[in-house]
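Heads up, the thing below is written out as structure tokens.
None of these values were measured; they are calculated from a predicted model. Convention: sequence-line order gives letters A, B, ...; per-chain numbering from 1.
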Amino acid sequence: MSDQADVRRDNSGPAHRYSSRLAGAIEERWQQAWAEAKAFRALNPGDEGFDAAARRFYCLDMFPYPSGKGLHVGHPIGYIGADIISRYRRMRGDNVLHPMGWDAFGLPAEQYAIDTGVHPRETTLKAIDTFRRQLQRFGFSFDWDREFATIDEGYYKWTQWIWLQAWSSWYDHRVERARPISELITAIETNEVWFDREGCLSWTRPPEDGKMWEEFTKTEQRDILDGQRLAYLGEETVNWCPKLGTVLANEEIIDGRSERGGHPVVRRPLRQWMFRITAFAERLLQSLDDLNWPESTRTQQAMWIGRSEGADLRFRLVELEGEIEVFTSRPDTLLGVTFMVVAPEHPLVEQVLGEPPDGCDRERIRDYVNTAKNRSNIDRMADGKNKTGHPLGIHATHPATGEPIPVWVSDYVLAGYGHGAIMAVPGHDERDHAFALKYELPIFEVVKPGEEIEDECWYGDGIAINSWCEQLDINGLSTAEAKAAVIHWAELEGHGIGRTSWRIKDWLFSRQRYWGEPFPIVHTEDGTHYPISKEHLPVLLPVLEDYEPAVSEDPQPLLGKLRRWVETTAGEAGVDPALLPPDTPVHRETNTMPGWAGSCWYFIRYCDPGNDTAFVGETAERYWLGPNDAAAGGVDLYIGGAEHAVMHLLYARFWHKLLHDLGHLSSDEPFRTLFHQGLLTSFAYKRDDGSLVPADEVDEEKSIEVATGEVVERIVAKMSKSLRNVVNPDDVIAEYGADTFRLYEMYMGPLDASKPWNTRDIVGVFRFLQRAWRLVVDEDSGDLSVQETLDEDVERALHRTIAKVGEDIERLSYNTAIASMIEFVNLATHHGGLTAEQLDRFARILCPFAPHIAEEFHAKLGNEGLCSVAVWPDYDESMLVDESIELPVQVKGKVRGRISVPADSTEEEVIAAALAHERVAEILGGAEPRKVIVVPGKIVNVIP
RNA sequence: GCGGGUGUGGCGGAAUUGGCAGACGCGCUGGUUUUAGGUACCAGUGGGGCAACCCGUGGAGGUUCGAGUCCUCUCACCCGCACCA
């Protein structure tokens, strides 16, 4: 924004025109007044002045990462949207909770700190100050008394406590909920549970060669219990990012690279803290149906959870001992199996290399497997459909036909899904088909499509054919029937079992970075873990001088550098002396939690942010998040970006269900209604050859590149530094004021639509505020300028506008609400103005959108108190229609004229008026119409 | 490939339930105020035609008195997932 433009807008025109300078002064004054009055404080049950009769409205924004770069113009869109409905509901008398805080742990903050060479705490606190100042400049009606950051000791104390809740519980699939692990121990001690030799639990009957609890060693008992915990140490093949120096969750990997920074990620086995989110898979999927969420987000989560019904089937090996277990979603195609494939990581591969049977080309298998394993995910994907593999030289026995079928190894089979092995049905699976074609393996057709379809490889449902052998006959059965028949047969004959498989995996929850919550746990020499007791939480993040990660092929948690912190005693660390004598030497956990930890429950903490005896007080939790007469429980409205569709929203749902199961929360879903604001894009310019030109090198009027004169095409693109089309909200506010900024971003289009920023358009809503200002203030004298007499047409229009704006806010249709206010102001201007009383009502409907100027109007009109907490104006139903209405008359599907009739006319009267219309009569030429359709208040259609 | 979504003037968009297509804003054209530019204000602005009228919501069909809206097919673009057996 040029200074010149600024000067022009301020220094010309009458002395009391609504200018950016005036807007700035007004905005500062009212922001101060709101802060002093604590106008937006939400009251909890028990607070003085709490109104139990008021409806609650918990309106939540996704709290930002305070990165050092400051706020972007895209950031406020959702915040303005949430602020408008929050302000509106407050004026309607609701008890509104609209909080804000800071998601301050995690990779971005740490990376920024590393880049600038300053401690993350310092840079983070500074960034928070910047963000807070920027957000306050918008006049958001946040209850700033509830503000906190995830790095606050009083907050992460409870993040650690919640993790310990998971560590101290197990999942009881018999009742489908998490329970304290102490209840499992009780069940074991009262012999309700049996174990097999491996220590697997059984609730139904003692396994044939079972083992008593007492027969296990102490270590085995510990491992059995640890294996049940919802937070556990798992030996997993994990995503290791050498550049970031940490492991990452599956959700954080995009196309084989880290979501943050785009660094390569390799897979390697590691012992890491995991969350048993898979135990909740069924419920996380099921309750999606109860949520008022955007369809795209629900399907994304459903796909991520990835439920698949089918069967586990076992194939006995011919040349070796043992069997291959596979998962298939198409057991009906069992008789179409012509070969089997295992992943390069499958244990059978090692077994074959260890004791190679005859005819096994050991060297070439080893080569293939090594190449496949070392190929990065990026390479694998780049290869696309071209499949590679190698025969293992061994065979498996088909469980039904008894025929030997060859076993191959190929990296098109993923180690991480099912059993890392498949039965290949090249007749009815595209991938198996491609593989069979390449390596000339037999292809059998065993499913006939319902209709005649010419397809080389039909993978839909149909009728089973060629599916007969002595053991099994499913010929003629539909796919569904055949699936059931094969599963039944397999279970009866001991070849397998019907099973549901899930794509979702347990959540890898530890990171090797510094800037995160330490785990509240220690372990002794023998590897037994002990929790830090509640009174000793939080385990403070120690100060580290050198927090830069070592770029390494081997994960080294940064906290491991602090030997004196790591090596301590049970008493020092805060382990309950009843569990471990205080002088026992222990090691602290050196991993930290990922950035997601803090955002999994921050909305719970807002209910009761000061509580230092519980993560949330029971009364506060039940009031703000519990089910009530009007709502099913959870946050009433959550507004934020669609980029969080899987990770944050899934993780938070998981924590919520866990805490609900353990009796700490009264609702089982965190976010009842979810809304995604659209992406803010920008215009960019493209040359003929497709290359992009920075926005400041283009003459926008003529669409030519200034330097060359070449004609460029305007396209829509993401804002980026390189295109120099990034807009800084501070600049826009300096030129037009926060009210104009708020109006502009809401007026651009639907809140959930992606739309391009166009600085040129801002002046439209600025002019609207100027016109509104002129209705109240004489531009020359600065005096109040109101009409004495009330204009009937304007009064009707005001009623309509009040009704429309209220309805539009309820459905978050802010662009149309603003349009109707502009229309009203234009009408009022043409009619010579408004009475003081009309202006008073108008100021109140304007208030949620442009709160500062509305407060100024409110005060100028002589009101005491704040407009922001004034009552939303009523409208009179009977004032919504004019006394006489105009109706278009169609003949032969075209509008031929319009008639003016009293609003309460009968259908006969309307028809008579329509037929009497000159043009209509002319077209009819004296003939009687066949039919006349009257849609009350809308249209008359004459059919000749 | 699969899933979700979007296509309306020069531009952003409106039409909530099948009922006047283009509300409202930008831009543009003309005018008023102004020493001038700009600001502000007033009027006009989908295309064609002097007009009656005709054409018009990505495209092609269909249902209906009436379709941007419903149905069938199709094209383009955006987002997400992607060898998940």
Side-chain angles (χ1 to χ4, degrees), chain A residues 4-5 8-14 17 19 254-255 294-300 302-304 306 308 310 326-330 333 341 380-381 383-385 387 410-414 416-419 421-425 429-432 434-435 459 501-503 642-643 645-646 679 681 683 701 714 716 744 747-750 752-758 760-765 767-768 770-771 774 779 807-808 811 813 815-816 818-823 826 829-830 886-895 898 919 929-944:
Chain A
Q4 205 187 353
R8 266 196 247 121
R9 270 193 188 86
D10 273 351
N11 290 352
S12 60
R17 174 161 291 169
S19 63
I254 293 170
D255 295 339
E295 193 53 41
S296 59
T297 301
R298 290 208 320 221
T299 47
Q300 269 183 67
M303 277 168 55
W304 189 265
S308 173
V326 301
F327 174 77
T328 176
S329 62
R330 292 294 300 270
T333 60
V341 189
R380 266 201 198 192
M381 283 173 195
D383 241 1
K385 296 268 174 265
K387 293 181 174 45
S410 170
D411 67 357
Y412 88 88
V413 171
L414 306 175
Y417 185 76
H419 302 282
I422 60 157
M423 59 176 223
V425 185
D429 180 284
E430 274 191 306
R431 298 147 302 181
D432 299 344
F435 195 79
Y459 48 88
S501 180
W502 301 87
R503 206 189 79 125
E643 67 274 18
V646 175
L679 191 72
T681 54
F683 291 122
E701 298 268 302
R714 191 168 85 165
V716 170
Y744 171 63
Y747 187 58
M748 290 172 79
D752 56 356
S754 152
K755 44 210 177 261
W757 176 273
N758 192 2
R760 188 198 258 173
D761 288 346
I762 302 173
V763 72
V765 286
R767 284 177 191 153
F768 158 64
Q770 284 186 322
R771 280 199 295 279
R774 261 195 300 278
E779 284 190 333
E807 281 165 27
D808 283 356
R811 60 190 180 102
S813 180
N815 54 333
T816 54
I818 295 167
S820 70
M821 286 190 289
I822 295 176
E823 242 174 307
N826 290 346
T829 302
H830 288 136
E886 210 176 58
L887 286 179
V889 182
Q890 281 189 346
V891 187
K892 288 195 268 186
K894 298 281 177 219
V895 176
R898 34 197 90 241
R919 236 350 250 148
R930 258 196 308 145
K931 201 174 172 188
V932 182
I933 294 162
V934 178
V935 185
K938 296 280 189 189
I939 204 166
V940 183
N941 197 354
V942 180
I943 302 135

query: On RNA chain B, nearest-nucleotide positions of A:Val646 versus A:Asn941: which is more 5'?
result: A:Asn941
- prompt: With a 4.0 Å cut-off on heavy atoms, is A:Ile933 in touch with a base, just the backbone sugar-phosphate, or nothing at all?
  reply: base
N/O donor-acceptor pairs under 3.5 Å from side chains in residues 931-944 of chain A, not counting sequence neighbours:
unit_1, atom_1, unit_2, atom_2, d
A:Asn941, ND2, A:Gln890, OE1, 3.4

- prompt: Under a 3.5 Å cut-off on both pairing distances, which runs of 3 or more consecutive Watson-Crick or G-U pairs involve RNA chain B?
  reply: B:1-7 with B:75-81, B:10-12 with B:24-26, B:27-32 with B:40-45, B:46-48 with B:53-55, B:58-62 with B:70-74
Phosphate OP1/OP2 of B:G12 contacted by A:Arg760 side-chain N/O (<4.0 Å): no
- line: Protein heavy-atom contacts under 4.0 Å, written 5' to 3' over nucleotides 43-48 of chain B as B (base), S (sugar-phosphate only) or - (none), form the string S-----
Could I get a table of every N or O pair under 3.5 Å where one atom is in the protein and the other is in nucleotides 15-17 of chain B?
unit_1, atom_1, unit_2, atom_2, d
B:U16, O4, A:Lys804, NZ, 3.4

message: Considering every strand and a 4.0 Å limit on heavy-atom distances, what is the contact class for A:Pro294: base, sugar-phosphate, or nothing?
response: nothing
- prompt: Start at the 5' end of RNA chain B and walk down; is the nucleotide closest to A:Val942 or to A:Tyr747 reached first?
  reply: A:Tyr747
Listed partners of A:Asp761 passing side chain to side chain contact (heavy atoms under 4.5 Å, CB included), at least two apart: A:Tyr744, A:Asn758
Write out a two-atom table: protein N or O, nucleotide N or O from nucleotides 2-5 of chain B, distance below 3.5 Å.
none

- request: Report which part of the nucleic acid A:Asn826 touches: base, sugar-phosphate, or nothing (heavy-atom distance under 4.0 Å, all strands).
  value: sugar-phosphate
message: Please tell me if A:Asn758 has a side-chain N or O lying less than 4.0 Å from either OP1 or OP2 of B:G27.
response: no
statement: The nucleotide from B:C11, B:C24, B:G13 with an atom nearest the side chain of A:Phe683 is B:C11
